[in-house]
Amino acid sequence: QGFRGALARLVDAKLAAADPAWENLWREVHRARRQLALSNPLADVGPLLFVKRVPADMSHQLTQYYGRCARPGGGLFVLDEPGRSMTTRQLAAGQLPEGAYMQPEVSFAGDRILFAFCDVSGPLTPKNDPARLDRFFHLYEIRPDGTGLRQLTEGRYNDFSPCELPNGKIMFISTRRGGYHRCGAGPCEVYTLAIAEGDGSNPRTVSYHETQEWDPTVLSDGRVIYTRWDYVDRNAVHYQQLWTTRSDGSAPMAYYGNNTLSPVGVWEARQVPGSPLVMATAAAHHAMTAGSIILLDTTKGIDGNAPITRLTPDAPFPESETHVLPRNWHAPGSPKEYDTPEEERRWPGHCYRSPYPLSEDYFLAAYSFDPLIGEPDGNKANMFGLYLVDAFGNKELLYRDLNIASQWPVPIRSRTRPRVSPEVTNTMFADEGTFFMQNVYESNVALPEGEVKGLRILQVLPKTTPNANQPRLGLANASPGKQVLGTVPVESDGSAYFRAPSGIPISFQALDERGQAIHTMRSITYLQPGEQASCVGCHEYGLTAPPHGPPAIALNRPPSIIKPGPDGSKPFSYPILVQPVLDRLCVECHGGDQTATPEKSPINLTGVPEGLYTKSYAALAKLVPYSSWGSLEGNSEPAAGRDRFGARASDLMKMLLAGHEGVELEDDDIDRLVTWMDANALFYGTFDPKDQARQQRAERIAGPALE
């Protein structure tokens, strides 16, 4: 009431805007608001761990975590009295060379700090300097008092984003799996989930996903929540969303957003204490991790905006939402200016990141008044400070260094250790596990009841060469590599139970009686050794419980063994898989004879090499609907509808099955053609240029370099 009265008196006095009385009232109001905010028991977050850091020299979700993009400066710091004093103490001061620090994490007992560090000592060289390729982030540990500094991982890998698991092991992100991303330029090495013992020994990959993953943290039930980039046969930008896994890397499962276009992606997820909800950063793909803070309630859905509460509605979702910037606005450090009166841009004028939830309404976060900058510029202007933020539009500064960004606030305190999830790895099954599906018709895409007769198991091959389409595998843009492991039966009740190799990314297709794909999985899964994985149905709603009923028919027998696909499907090779059918049935009339008689056609279906492929592939592949990274209005929407791609959607296949010019296809012919079309009409089964040259000549190769 006192402040309102003071405001009314200033208004009645009709004081000029520059009169000091206005500023004095503003200061008094803000002092009172700050005192009120910091009197909240949840605001007692000291001592508070954080990192001072110069952002990476390229603004992108991928490159910000590579050692070669790191810039020196900052360190690991503790703010002992947040809200009362900005005095800090630096941990590991003088114990490490000049470098870059990232993603500190406190153990459940509160007695150990994990973090990532990259040595960036020496002169700062240009981005394209080969010497930068020798810089890597490794994991370290230190005690909260600054003693006990120790390096945990080593080698020519980037290891970062560590978190302690309930069993004392460490899960982190690592480039140890190998391979490269499939879009853009690079080289951008793939990094996925990895695990090490508590002392850093025995580091090993536990995610065999073929593209990047980020930010693992432990949920209260012992599962790990993390972000996966999931663009198998669809757009490369919009699908960096939340997944979960058990603490041993088994049972990867979509948690939120895998069929969602806005926000573009969700990172830095943490469960709210005492709540089932998860807090995270809704961020962009073509920028560093920053944007708007959200709260997720997946009981309201696992896609779209219904599960989202926007905790910072003042900052839109970058790259997927627009906002208005004033005339002649320009990003600091960017030469471009926008001379239209109002121009909608995809980047917010300020941004948040790294939320640490204290409750559903209160959290710590890093906040920058500066705009988020998209690639390729570095974010030199993003000077983040640490704030206490609430869901009611308030934020109170806890710490800011005007010369360098402060990020990743984490209270140094003990937390309840989640229960230890049982590990499923069984060393008796070193290279195999099993899948059980209760009912294929429990699907988020309606499948024709009774028509699914089998599953095709595809192995999705990690890219072994950098840069998009270098080399191409077929007409599909930036396509993942594939090979066909084979097929297994689906019983009359929709159940399937089968053995499958562990440690490789695999995908499924539901098949009709001709072996044509009715529905295709646009993602991957994998097995740990000895894992017995199960699901309710084919991309069923994520919170669905198995329906009651009689035991599944497939469980009344031993697990099926995968029946191999036709010759030329593993390793995948169009010249070996498809060309023999064309040579036997088609080239007599379609030999490319330019003096064609009425019985012949100028269409050339021979296996003669032409450009990147062969003459027959150039003629036929464009007649097969394939899935590809392209416009969202094209064929790279989030979920593939039934009969949208492959053999069942192909007029070419329909013509052949109807009997083209009296040609009769044998079962093996149909199997070969259908397998090719359903494998996204690819030509090659390898990214290796030398092996591709052999395949173009119809020679056999040993197989992909990286499985």
Side-chain angles (χ1 to χ4, degrees), residues 230 232-234 243 251-255 258-260 298-299 301-304 433-458 484-500 506-527 532-563 565 625 627 637-650 653 671 674-675 677-679:
D230 205 46
V232 175
D233 296 333
R234 57 183 188 164
W243 287 65
M253 181 177 297
Y255 180 85
N258 205 38
N259 289 329
T260 296
T298 55
T299 64
I302 60 171
D303 278 298
T434 61
F435 282 105
F436 166 66
M437 179 172 62
Q438 181 159 336
N439 185 358
V440 70
Y441 302 108
E442 292 287 337
S443 170
N444 62 8
V445 173
L447 300 179
E449 195 75 27
E451 289 191 24
V452 179
K453 305 301 180 182
L455 297 177
R456 181 182 291 119
I457 294 92
L458 297 166
V484 178
L485 301 184
T487 58
V488 295
V490 171
E491 304 295 344
S492 59
D493 64 347
S495 63
Y497 181 39
F498 56 96
R499 293 160 56 179
I506 56 179
S507 183
F508 305 126
Q509 294 177 326
L511 308 180
D512 64 14
E513 73 282 353
R514 283 199 171 108
Q516 300 175 111
I518 302 172
H519 187 35
T520 294
M521 178 178 173
R522 280 174 136 179
S523 183
I524 66 99
T525 189
Y526 47 81
L527 291 168
Q532 296 176 303
S534 62
C535 61
V536 175
C538 182
H539 289 269
E540 78 281 1
Y541 177 65
L543 298 180
T544 300
H548 292 291
I553 295 174
L555 291 181
N556 292 327
R557 56 168 173 76
S560 302
I561 296 174
I562 297 174
K563 177 184 177 182
S627 181
E637 70 289 343
R642 165 181 139 195
D643 297 337
R644 181 162 171 77
F645 306 111
R648 280 173 63 110
S650 170
M653 195 68 217
D671 192 20
V674 164
T675 299
M677 295 182 189
D678 286 348

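Atoms considered below: every heavy atom in the structure, side chains included; atoms not considered: hydrogens, waters and symmetry mates.
- Contact record, Val440 with Ala510: CG2-CB, 4.4 Å, taken as the closest heavy-atom pair.
- Among residues two or more places apart in sequence or in another chain, the side chain to side chain contact (heavy atoms under 4.5 Å, CB included) test is passed with Gln532 by Thr434.
- Tyr255 meets the ring-ring contact (aromatic ring centres under 6.0 Å, His included) test with no other residue; sequence neighbours excluded.
- Residues Val536 and Asn439 form no side-chain contact, since every pair of their non-hydrogen atoms from C-beta on lies 4.5 Å or further apart.
- Listed by chain and number, the residues in a side-chain hydrogen bond (donor to acceptor under 3.5 Å, both in side chains) with Arg648 are Asp512, Asp643 (sequence neighbours excluded).
- Here the side chains of Arg522 and Asn259 are not in contact, with every heavy-atom distance at 4.5 Å or above.
- Here CD1 of Ile457 is found 7.0 Å from OG1 of Thr487. Values are rounded to the nearest 0.5 Å.
- Judged by distance alone, with hydrogens and angles left aside, the side-chain atoms of Thr675 form a donor-acceptor pair with the main-chain N or O of Asp671 at under 3.5 Å.
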### Task
Evaluate the criterion side-chain contact (heavy atoms from CB on, under 4.5 Å) for residue pair Asp233 and Phe645; output intermediate values, then yes/no.
CA-CA 11 Å; Asp233 296 333; Phe645 306 111; over 6 Å; no
### Query
Please walk me through it: do Val488 and Phe435 pass side-chain contact (heavy atoms from CB on, under 4.5 Å)?
CA-CA 11 Å; Val488 295; Phe435 282 105; over 6 Å; no
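- For the side-chain hydrogen bond (donor to acceptor under 3.5 Å, both in side chains) test, residues two or more places apart in sequence or in another chain that qualify with Tyr526 are Ser207.
- For the side-chain hydrogen bond (donor to acceptor under 3.5 Å, both in side chains) test, residues two or more places apart in sequence or in another chain that qualify with Ser495 are Asp493.
- In terms of modelled atom types and a separation under 3.5 Å, the side chain of Arg642 and the main chain of Ile518 share no donor-acceptor contact.
- Partners of Pro558 under the side chain to side chain contact (heavy atoms under 4.5 Å, CB included) rule, at least two apart in sequence or in another chain, do not exist in this structure.
- Using modelled atom types, no side-chain atom of Ser507 and backbone atom of Leu458 make a donor-acceptor pair closer than 3.5 Å.
- With sequence neighbours excluded, the residues forming a side chain to side chain contact (heavy atoms under 4.5 Å, CB included) with Ala649 are Pro625, listed by chain and number.
- Take Asp678 and apply the side chain to side chain contact (heavy atoms under 4.5 Å, CB included) test, not counting sequence neighbours, and it matches Arg456, Gln509, Gln516, Ala517, Ala647, Val674.
- Panel note: side chain Asp230, backbone Ser523; no donor-acceptor pair is recorded below 3.5 Å.
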### Task
Please test Arg557 against Glu491 for side-chain contact (heavy atoms from CB on, under 4.5 Å), starting from the C-alpha separation and ending with a verdict.
CA-CA 11 Å; Arg557 56 168 173 76; Glu491 304 295 344; 2.9 Å; yes
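- The minimum heavy-atom distance between Ala496 and Leu455, with the atom names listed, is CB-CD1, 4.1 Å.
- Trp243 approaches Pro252 most closely through the heavy-atom pair CE3-C, 4.1 Å.
- Sorted pairs that involve residues 445-455 and meet salt bridge (charged side-chain N to carboxylate O under 4.0 Å, His left out), not counting sequence neighbours, are lacking altogether.
- A donor-acceptor pair is defined here as one N or O able to donate and one able to accept, closer than 3.5 Å; such a pair exists between the side chain of Tyr441 and the backbone of Gly450.
- Taking all atoms of both residues into account, the shortest heavy-atom contact from Leu485 to Ile562 is O-CG2, 3.3 Å.
- Ser560 OG to Phe498 CZ: the interatomic distance, rounded to the nearest 0.5 Å, is 8.5 Å.
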